[in-house]
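Below is one structure, written out as structure tokens, with a few remarks after it.
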Number of protein chains: 2
Amino acid sequence: MDKQLATSLFESLASGIRLDVFRLLVKHAPAGLVAGEIAALLALPPTNLSFHLKAMTHAGLLNVTQEGRYQRYRANLKVMQALIDYLTAECCSGHTEHCFDAKPVKTCCDTN
Amino acid sequence: MDKQLATSLFESLASGIRLDVFRLLVKHAPAGLVAGEIAALLALPPTNLSFHLKAMTHAGLLNVTQEGRYQRYRANLKVMQALIDYLTAECCSGHTEHCFDAKPVKTCCDTN
DNA sequence: TCGATATTTCAATAATTGTTGTATAGTTGA
DNA sequence: TCAACTATACAACAATTATTGAAATATCGA
């Protein structure tokens with residue numbers, strides 16, 4: 001994870017629409033959703049959704065596969081994990097004592 | 001951490017300059033740096049830096065305290081931790097099995 | 001093949017964000 | 001008080017990003 005990838009991922013998440021899309025696809029992992037379903041669920045004009053899907057796919061946040069005339073989108077959870085790791089490293093780097101006194105860090109999924 | 005806060009934090013991190021500022025301030029935690037030091041270290045015109053510092057402070061990513069004629073900026077590590085938790089929840093929600101097969105999750109600071 | 005469907009591309013425009021220089025406000029030390 | 005210094009506010013402009021409708025591409029079912 002280099003700085004350039006990190007910034008483009010943050011850019012991908014820095015819009016309400018794109019964050020909604022990503023969360024929706026996480027909720028529907030691993031099956032994913034086709035573009036029309038996303039548009040219907042989020043009540044977005046297809047053109048606009050396509051614009052954001054393209055951006056997110058280009059950034060690597062989503063994967064897309066063709067299914068006949070449908071395009072199925074899936075959240076790229078590995079990239080998200082890498083981003084969390086990057087952020088964690090940024091947050092901690094050399095300063096564990098200041099970052100995590102108050103609140104013991106839990107592992108990622110231990111609340112599920 | 002609601003969606004609106006999350007998006008404004010991502011927006012704050014979605015620029016090379018702002019990401020550099022944040023990483024610099026994490027490196028200099030907990031002392032922080034005054035605006036002029038940041039400008040010098042990152043070779044930025046003061047006006048432009050001020051623009052970005054204001055945005056980051058407004059988003060809650062930085063804290064600022066006045067020291068005479070200097071403004072001292074510090075990384076808000078608690079907010080960063082909250083953002084990591086949010087992202088982790090988004091990433092995992094109901095899908096731990098798909099998100100973290102390959103790579104066992106480590107606690108945030110165990111590599112330091 | 002043909003009409004209906006799904007999605008994207010393109011072009012036009014609107015809206016937002018980033019950068020720079022100049023001016024201003026506040027602080028310091030003499 | 002005054003000159004030097006730190007930083008921000010403001011205004012102008014540049015650049016990027018978001019949104020929309022119309023047209024194009026490709027697939028499907030009959």
Side-chain angles (χ1 to χ4, degrees), chain A residues 3-25 28 31-76, chain B residues 3-25 28 31-76:
Chain A
K3 187 179 109 182
Q4 199 175 343
L5 175 55
T7 51
S8 69
L9 290 174
F10 289 134
E11 213 171 289
S12 271
L13 297 167
S15 130
I17 289 181
R18 291 191 296 265
L19 190 53
D20 283 342
V21 169
F22 185 77
R23 295 198 300 173
L24 187 64
L25 288 174
H28 287 82
L33 293 170
V34 300
E37 292 172 329
I38 301 171
L41 286 167
L42 299 181
L44 291 170
T47 343
N48 190 18
L49 177 62
S50 186
F51 170 83
H52 289 294
L53 288 175
K54 186 182 174 185
M56 296 173 78
T57 304
H58 184 254
L61 207 54
L62 304 183
N63 296 122
V64 58
T65 56
Q66 184 148 9
E67 286 184 5
R69 60 182 142 173
Y70 301 92
Q71 298 283 112
R72 179 167 296 273
Y73 287 89
R74 294 183 177 84
N76 187 340
Chain B
K3 188 180 111 183
Q4 200 174 342
L5 175 56
T7 51
S8 68
L9 290 174
F10 289 134
E11 214 172 287
S12 271
L13 296 168
S15 129
I17 288 181
R18 292 192 295 266
L19 191 53
D20 283 343
V21 169
F22 186 77
R23 296 197 301 174
L24 187 63
L25 288 174
H28 287 83
L33 293 171
V34 300
E37 293 172 329
I38 301 171
L41 286 166
L42 298 181
L44 291 170
T47 340
N48 190 19
L49 177 62
S50 186
F51 169 83
H52 290 295
L53 288 174
K54 186 182 174 185
M56 297 172 79
T57 304
H58 184 254
L61 208 53
L62 303 183
N63 296 122
V64 59
T65 55
Q66 183 148 10
E67 286 184 5
R69 60 181 139 173
Y70 302 91
Q71 298 283 112
R72 179 168 296 272
Y73 287 89
R74 292 183 178 84
N76 187 341

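So that the names make sense, note that chain A is the first sequence line, chain B the second, and so on, each numbered from 1.
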Check your understanding: B:His58 has an atom NE2; how far is it from atom C1' of C:dG18, in whole Å?
Key -> 18 Å

Check your understanding: Measuring from B:Phe10:CZ to B:Leu5:CG, what's the distance to the nearest 0.5 Å?
Key -> 9.5 Å

Check your understanding: Restricting to pairs with a member in residues 35-48 of chain A, which pass salt bridge (Lys or Arg N to Asp or Glu O under 4.0 Å), not counting sequence neighbours?
Key -> none

Point to revise | Passing option when A:Leu61 is tested against A:Asn76, A:Leu9, A:Val21 for side chain to side chain contact (heavy atoms under 4.5 Å, CB included) | key: A:Leu9

Review point. Going by number, which of residues 7-21 of chain B have a non-hydrogen atom under 4.0 Å from DNA chain C?
Key: B:Glu11, B:Ile17, B:Arg18

Review point. Roughly how many Å is it from CG in A:Leu33 to C1' in C:dT7, rounded to a whole number?
Key: 15 Å

Review point. Quantified as the angle between the terminal helix axes (five pairs each), what is the overall bend of the helix from C:dT1-D:dA30 to C:dA30-D:dT1 to 10 degrees?
Key: 40°

Produce the list of close N/O pairs, under 3.5 Å, pairing protein atoms with atoms of nucleotides 20-24 of chain C; give distances to one decimal.
none

Check your understanding: Going by heavy atoms in the side chains, are A:Leu24 and A:Asp20 under 4.5 Å from each other?
Key -> no

Practice item. Give a yes/no answer on whether the side chain of A:His52 brings an N or O atom under 4.0 Å of OP1 or OP2 in D:dT19. Key: yes

Revision key, fill the gap. Side-chain contact check for A:Ser50: nearest option of C:dT9, C:dT27, D:dT8 is C:dT9

**Study point:** Residue-phosphate contact under 4.0 Å: A:Tyr73 side-chain N/O, C:dA6 OP1/OP2
**Key:** no

**Study point:** Nearest heavy atoms of B:Gly32 and B:Arg74, plus distance in Å
**Key:** CA-CG, 3.8 Å

Under 3.5 Å, sequence neighbours excluded: what are the donor-acceptor pairs made by side chains of residues 39-51 of chain A?
| residue | atom | partner | partner atom | Å |
| --- | --- | --- | --- | --- |
| A:Asn48 | OD1 | A:His52 | NE2 | 3.3 |

**Study point:** Considering all heavy atoms, the nearest A:Phe22-A:Ala75 contact
**Key:** CE1-CB, 3.7 Å

Practice item. Check side-chain hydrogen bond (donor to acceptor under 3.5 Å, both in side chains) between A:Gln4 and all other residues, then give those that pass, not counting sequence neighbours. Key: none

Point to revise | Those residues that, when tested against A:Arg69, pass salt bridge (charged side-chain N to carboxylate O under 4.0 Å, His left out) (two or more places apart) | key: none

Exercise for review: Return the set of residues passing side-chain hydrogen bond (donor to acceptor under 3.5 Å, both in side chains) with A:Thr57 (not counting sequence neighbours), or none when no residue passes.
Suggested key: none

Check your understanding: How long is the line joining CG of B:Leu44 and P of D:dA7, in whole Å?
Key -> 13 Å

Study note, to complete from the structure: Rounded to the nearest 0.5 Å, the CG atom of B:Leu25 sits from the CG atom of B:Leu53 at a distance of 7.5 Å

Point to revise | Atom-pair distance (CD on B:Gln71; C1' on D:dT8), nearest Å | key: 8 Å

Practice item. Can you tell me the distance, in whole Å, between the CG atom of B:Leu53 and the P atom of D:dT6? Key: 16 Å

Practice item. Taking side-chain contact (heavy atoms from CB on, under 4.5 Å) as the test, write out the residues that go with A:Gln71, two or more places apart. Key: A:Val64, A:Gln66, A:Tyr73

Point to revise | salt bridge (Lys or Arg N to Asp or Glu O under 4.0 Å) contacts touching residues 54-67 of chain B (sequence neighbours left out) | key: B:Glu67-B:Arg72

**Study point:** Atom-pair distance (NZ on A:Lys54; C1' on C:dC10), nearest Å
**Key:** 10 Å

Review point. Is the side chain of A:Arg18 donor-acceptor paired with the backbone N or O of A:Ser12 at a distance under 3.5 Å, no angle test?
Key: yes

Pick out the pairs of N or O atoms, protein on one side and nucleotides 2-5 of chain C on the other, that lie under 3.5 Å.
| residue | atom | partner | partner atom | Å |
| --- | --- | --- | --- | --- |
| C:dT5 | O4' | A:Arg69 | NH1 | 3.2 |
| C:dT5 | O2 | A:Arg69 | NH1 | 3.2 |

